Structures are given as structure tokens and as C-alpha cells.
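Have a look at the structure below, then the notes.
Model, not experiment: these values are computed from the prediction. Lettering of chains follows the sequences in order, A, B, ..., and the numbering in each one begins at 1. What you see below is based on every heavy atom in this structure, not just the backbone, and it leaves out hydrogens, waters and symmetry mates.
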Amino acid sequence: MSESMRLRFAPSPTGALHIGGARTALYNWLLARGSGGTLVLRLEDTDRERSTPENVEQIVEALGWLELDWDEGPVSQSERSDRHRAEIARLVEEGHAYEDEGAVRLRVPDAGSTTVRDEIRGEIAFEHAAITDFVIARSDGSPLYNLAVAVDDRDMGITHVVRGEDHLSNTPRQLMVLRALGDEPPPDYAHLPLLHGPDGKKLSKRHGAASVEELRDAGYLPEAVRNYLALLGWGYDAETTFFTTDELVERFSLDRVSRSPAVFDEQKLRWMNGRYLREMQPAELARRLEERHGRAGLRAAVEVSQEKLQTLADFWPTAGFVVERQPTDPRAWAKVMTGGAGDRLRLTRDALAALERFDVGGVESALRGVVDELGVKPKEVFQPLRVALTGGTVSPGIFESVVVLGREEALSRIDAALERVGGGAPS
RNA sequence: GGGGGCGUGGUCUAGUGGUUUAGGACGCCGGCCUUUCACGCCGGAGGACGCGGGUUCGAACCCCGCCGCCCCUACCA
């Protein structure tokens, strides 16, 4: 790749930025950043009916969240309509196109073929006989996709067009427009394999999180999404799975991009996201969670729960009890608060109340003391306490949970549970 | 219908003629760890590389046919 690569990411603002589009944006960005080239953001909004400002805003926001920036643009094709119309007129004048019931069609030769040189798939020939004279301008004079793309790629000096495979069949048409427009060599093309849902069909909302916005809301980290998306259709070697963004920029190349479509597997993204979450500095994780929840003071809750999170959305269910009391899960209560649970909990309360050093080590020895004293299994003591403190049977480590709540709050919650179980008044 | 692309365990992939009894990862199953759930660690099941021919001493890798899936075939992009 030359160091003067000029790439473009050209989404159509007819909807949110989908995962496939995000992957295309990522690959273009990696290529631009890795080569010291330029990335242009272009909005293909020649379909004025379906293109909306809201979608443009959403796409720009999604790119921002993914931390993918661009060097030029965003430029809207609709703003370049005059330029497109001028070229359409010139093509008609020069005989490359003609009017047909008001619309304008490009002349496609009856014989011969146009060959697409694809960086990923090699040379692909398209027989002209199978391509009709296609419309490049509507009868109202407005330019159509294949014309606008060709004119813009040419005007913008795009050297590499990297886009989804769904555009592969359009490429010979754009190549023909380009040729009619002038003699300049066309850009290099690379068509990325499409992304499918678990059912093998084109990815859509019915497959769960399908847009970048939904990924963000589901609690995924942009760096994890970048890493995962990079691996959907590209691999560096036989064993490397984790890449920092710098490593991706350095190592990504089109010649290792796969040719076959990939299925977006949210389970693997969850796993990868969990790995990123666990390796993050607690302060940073707390900052992101505080931003997400619009509240401060989450650091302590983060420290006891970080190792259990797979997404940011997992935080509240697992550590919300630290911030505020949670309703008790009836099933948890019924399962744990049986037999002599009340008595064990009362003894636990006494041990915690009498504890001098209220830290993890102190709490642990106090609780294990109760276990030894009663001669029961640890969980006979820990689970009732867990339910009293958190409302459920699943939570962060019990010693840490006790300490993070503090003695006063912990005893208060235990008392409330004792009252409910009727296991006797607090001593 | 026509044109084009693709086809390695459920999923993402490594592997382009022999070092492959096809490697790694997610998921799944079992075990260990253990205060719950995770994490982590260990082990396991699951692919004869879409199918059928051919070339070759030898093919997942080359050739042909077929099948399947997807894309284009719009005055959508």
C-alpha cells in the first residue's frame, strides 16, 4: 500500500449504523491510520426519501463512540448534486449516456466484459451481455447511486474502495461510469465478506443487538467491539485473539481478509468484553459506569464486582446492592432461609457486631469462626448472610460484600432479615 | 430466469500439495479451585475440510460437474 492511500467510508443514512457498516468503517480506518493515509466520511444520501438527518446524526455518534475518526467530511452526496448533474449532462453530450423516458441511462456495450480487480478476491470478469443500460439519473434529473459514487470517488481522489460484498456486482457499473468520465485509472477495490445472523441470513434487528447503538446500550466497550469486529473476516495468525487498537493499526492488511461471510456471534463478543472489563483499571471502570448510570461513588461497588462482569449492563444486577438495598428474591429466600438459618444468621450478626478489625481479613476470620463453632458447612452460614445482604444467592465474595457495606449497614440488613425470619430479636 | 461471490466441527478462524492422526478461540460437557455465581486451571465431545468425479506417489489446498447459501439484476443504496 502506498503511503498516500485515500479511503472513504460511505454509509447510506437510511438507518442506524449496523454492525456490518461498523466493521467496514473499522477496516477503512485501520487502513488509513496504518498507512498514514486519509479517510473521508461520505454520506450516500441520493435517496432523499429514506435519508434523514437523524440517521446521519446517529451514524456520526456511533463512529464517535467507536472512536473511529475521519480526516475529511462528512460530505453529503446531496450537496454535490449540481456536480453530478453536470457530469450526467456531459456523458449525454459525449454519447456515453442517453435519455430514456426522461431518465438517463449509461450505454453498456453489447459485447466484451469489464474486469474488477479485487484486492481480496482477485480478478472477476463481468460480461457486458448480462448488464443492461442502467439508469444514472431519474426522470427528475436527480443522480442515482452508481453515478454519484463514481463521480465522487473520482473527484475525491479515492485510491481504495473498501466496502461490503453486496456492492461487488455494482462495481463493473461504476467502473464503466468511471471510464466514460475520463481516462484516469480507477481506484483499487476490496469487497469484504458480508456479516450474517446466527440463522445465516443478513444481520438485522431480529438477531439481537445489530446496531452500534444497541451494542453500546448492551454494555459493550468500544475497544472490545473493535477487537471483535476486526476478527470477523480477518485473522492475523493461528493463535492471536487479543489486539490493542495500535496492534490492529499496525497489523491489519487486506491480504488476510477472508472471502467467506461470517456470522456475528454475540456470545463471543460477551466473552471478549468480559476480558477487557477484567483487565481495566478499577478507577477507569468506575468512571465509565458512573457516566453510564449518571451517578457518582461507584468505585467501591466496582471493586467487589469487576471480576464478575461481562458487560457494563451486568454491573447493577451484581453490585447494585452495594449502592442501595435490593428487593429480596423470593426464591433465594425460600431456598436459603430454612432450618436453623435464623439462628446461624443471628450468631453471624453477633460475630460481626463484636468484630474489632472490620476489614476483609477480620470479617473472614469472624465468619469462619461461626462456621467452626456451629460445625456446619461454610455455605450454611454464608448463604443466609448473602441473602440478607444482597437479596439473592449470587453475589460478589461474601467477605468483601460485608466490608464494602460497612458494619452499620450490614448489621441493619441482617436485622431486617432476622425480623422477617422470626429467628429472634437482635441481641 | 440471468450474472457474480462464497462453502474447514454449532460459531469465528489457522492451514494454498506431504511437518495434519486438520491447529487455536467462543460455545458445550466433565473435573479442579471454592462461601454463591463467575474467573482461572485441567480434561473431553464435536470436522474425514459442501457433495461427486478427476489430476498426482500424495489434495482441505489444483481441475471439472453438481448442490447449498448470499449479493446484484430498482428512475434503492
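- Residue A:R256 places at least one side-chain N or O under 4.0 Å from the OP1 or OP2 atom of B:G15.
- Checking the phosphate oxygens (OP1, OP2) of B:A74, no side-chain nitrogen or oxygen of A:R138 falls inside 4.0 Å.
- Regarding contacts with the backbone of B:G40, a side-chain N or O of A:R278 is found under 4.0 angstrom from either OP1 or OP2.
- Annotation: B:C61 and B:G18 have their C1' atoms spaced 12 Å apart (nearest Å).
- No more than 12 heavy-atom neighbours from other residues, nucleotides or ligands sit within 6.0 angstrom of CD on A:E49.
- Side-chain atoms of A:R50 and base atoms of B:C76 include a donor and an acceptor less than 3.5 Å apart.
- At a cut-off of 3.5 angstrom, counting only N and O atoms as typed in the model, there is a donor on one side and an acceptor on the other between the side-chain of A:S169 and the base of B:G3.
- One finds a side-chain N or O of A:T46 lying less than 4.0 angstrom from the OP1 or OP2 phosphate oxygen of B:A77.
- The environment of A:E284 atom CD is dense: over 12 non-hydrogen atoms of other residues, nucleotides or ligands sit within 6.0 angstrom.
- Heavy atoms from other residues, nucleotides or ligands lying under 6.0 Å from CZ of A:R138 number more than 12.
- In this structure, A:N273 contributes its side chain and A:L221 its backbone to a donor-acceptor pair below 3.5 Å.
- Put simply, the side chain of A:N170 and the base of B:A77 share a donor and an acceptor less than 3.5 Å apart.
- OP1 or OP2 of B:U35 sits under 4.0 Å from a side-chain N or O of A:R368.
- Taking only distance into account, the side chain of A:K308 meets the base of B:C37 through a donor-acceptor pair shorter than 3.5 Å.
- The base of B:C75 lies close enough to the side chain of A:S139 for a donor and an acceptor atom to sit less than 3.5 Å apart.
- Closest to the side chain of A:F126, from the set B:G24, B:U35, B:G3, is B:G3.
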